[in-house]
There are 2 protein chains.
Amino acid sequence: MSEDLMTIREMCDAYDVTPRTLRFYEAKELLFPIREGQKRLFTKRDRARLKLILRGKRFGFSLEEIRQLLDLYHIGDQQHTQLTRTYEIAKDRLADMERRREELDEAISDLKEQLKWGEKMITSSSADLEAAE
Amino acid sequence: MSEDLMTIREMCDAYDVTPRTLRFYEAKELLFPIREGQKRLFTKRDRARLKLILRGKRFGFSLEEIRQLLDLYHIGDQQHTQLTRTYEIAKDRLADMERRREELDEAISDLKEQLKWGEKMITSSSADLEAAE
DNA sequence: CGTCCGTATTACGTAAACGTCAAGCACTTG
DNA sequence: CAAGTGCTTGACGTTTACGTAATACGGACG
């Protein structure tokens, strides 16, 4: 348990991002590193959030969308009404993701189909692929 | 079979994009509408490509990445060596997508877990969620 | 024939997500 | 203590993916 806190450089090495990116995310209120004097120290919570940020980006979410998603994970001691609302948003998000999953499955099988053809074309000769819908 | 060709406006209505977007994609060599005089006419092939473009975007691919992916679907009558190379790229892409699917599954189950907590919190009262890894 | 309407081209504008200096503070290291 | 190393805060630059006029062209219509 080396310290639970990481410097900006350790973060960059660990997650393959630049210092600029981490400061940018802090400015956008996606991360909240603590300050020791001048320097930033990133907590376990920051690391968890960063993972989610990078994951979100890989799925085409904007940083603003990601920020809202992150807030879902911060369901702290809020008011009941606000909480219910948050819950609804989260359910919508989940539905989003499951739609994306279906789409991704489709994309994968499309590409697989394409690869089967590619295989045939490599082992045999060329053909006319324009017939495909 | 109304004509198999669509005007820019018909395309916009059908796929919910702007004319600017379609012209932009053409400029970036993602689409290749034919020209009747001045006007563009989009073929079935353009529509298939546009669908893939929009799908790619939903998964966070840049237009440049999408253009390369689209080329995989255009495995026409190329040279054998080039074809083999293309095939390798396609397989890498497929592996990419399957990794993404795993990640998406993880993201979904994470969010579902979060929702279970949210449920408890709504039906009961507030609690401390900071203990979560 | 004048005037819309839809499309075209050209060009400048913009939001998001950083990159890239410039200049300064805090160690520590020789 | 001078020099380097690492971090800091601005501030301006850049790329991507379009938006938004301004201007012009070609057919349809009253």
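Below, each value reflects all heavy atoms present in this structure, side chains not excepted, and no hydrogens, waters or symmetry copies. Below, read A as the first sequence line, B as the second, and so on, with proteins coming before strands; counting in each chain starts at 1.
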Quiz prompt | Start and end of chain A contact along DNA chain C [non-hydrogen atoms, under 4.0 Å] | solution = dA17(C) to dT20(C)

Quiz item: Which of residues 24-35 of chain B have a heavy atom under 4.0 Å from DNA chain C?
Solution: Arg35(B)

Quiz item: For Arg47(A), which residues count as a salt bridge (charged side-chain N to carboxylate O under 4.0 Å, His left out) partner, sequence neighbours excluded?
Solution: Asp4(A)

Practice problem: Could you pull out all residues at least two apart from Glu64(A) that satisfy salt bridge (charged side-chain N to carboxylate O under 4.0 Å, His left out)? | Solution: Arg67(A)

Quiz item: Nearest nucleotide by nearest heavy atom, which residue falls closer to the 5' end of DNA chain D, Thr18(B) or Gln38(A)?
Solution: Gln38(A)

Quiz item: In whole angstrom, what separates Ile53(B)'s CD1 from dT16(D)'s C1'?
Solution: 15 Å

Quiz item: How would you label the contact of Arg23(B) with the nucleic acid (heavy atoms, under 4.0 Å): base, sugar-phosphate, or nothing?
Solution: base

Self-check item: Arg9(A) side chain near dC7(D) phosphate (N/O to OP1/OP2, under 4.0 Å)
Solution: yes

Quiz prompt | Partners passing salt bridge (charged side-chain N to carboxylate O under 4.0 Å, His left out) against Arg20(A) (at least two apart in sequence or in another chain) | solution = none

Quiz item: Closest heavy-atom contact between Ile66(B) and Phe61(B)?
Solution: CG1-CB, 3.6 Å

Exercise. Nearest whole angstrom, please: distance from the P of dT8(D) to the CD of Glu36(A).
Key: 12 Å

Self-check item: Rounded interatomic separation in angstrom, taking CG from Asp13(A) and P from dG6(D)
Solution: 11 Å

Quiz item: Is the shortest side-chain N to carboxylate O distance from Arg101(B) to Asp105(B) below 4.0 Å?
Solution: no

Quiz prompt | Pairs touching residues 29-38 of chain B that satisfy salt bridge (charged side-chain N to carboxylate O under 4.0 Å, His left out), sequence neighbours left out | solution = Glu26(B)-Arg35(B)

Quiz prompt | Candidates Leu63(A), Leu50(A), Leu22(A) - the one meeting side chain to side chain contact (heavy atoms under 4.5 Å, CB included) with Leu30(A) | solution = Leu63(A)

Quiz item: Considering all heavy atoms of both residues, which atom of Cys12(B) and which atom of Pro19(B) are nearest to each other, and what is their separation?
Solution: SG-N, 3.4 Å

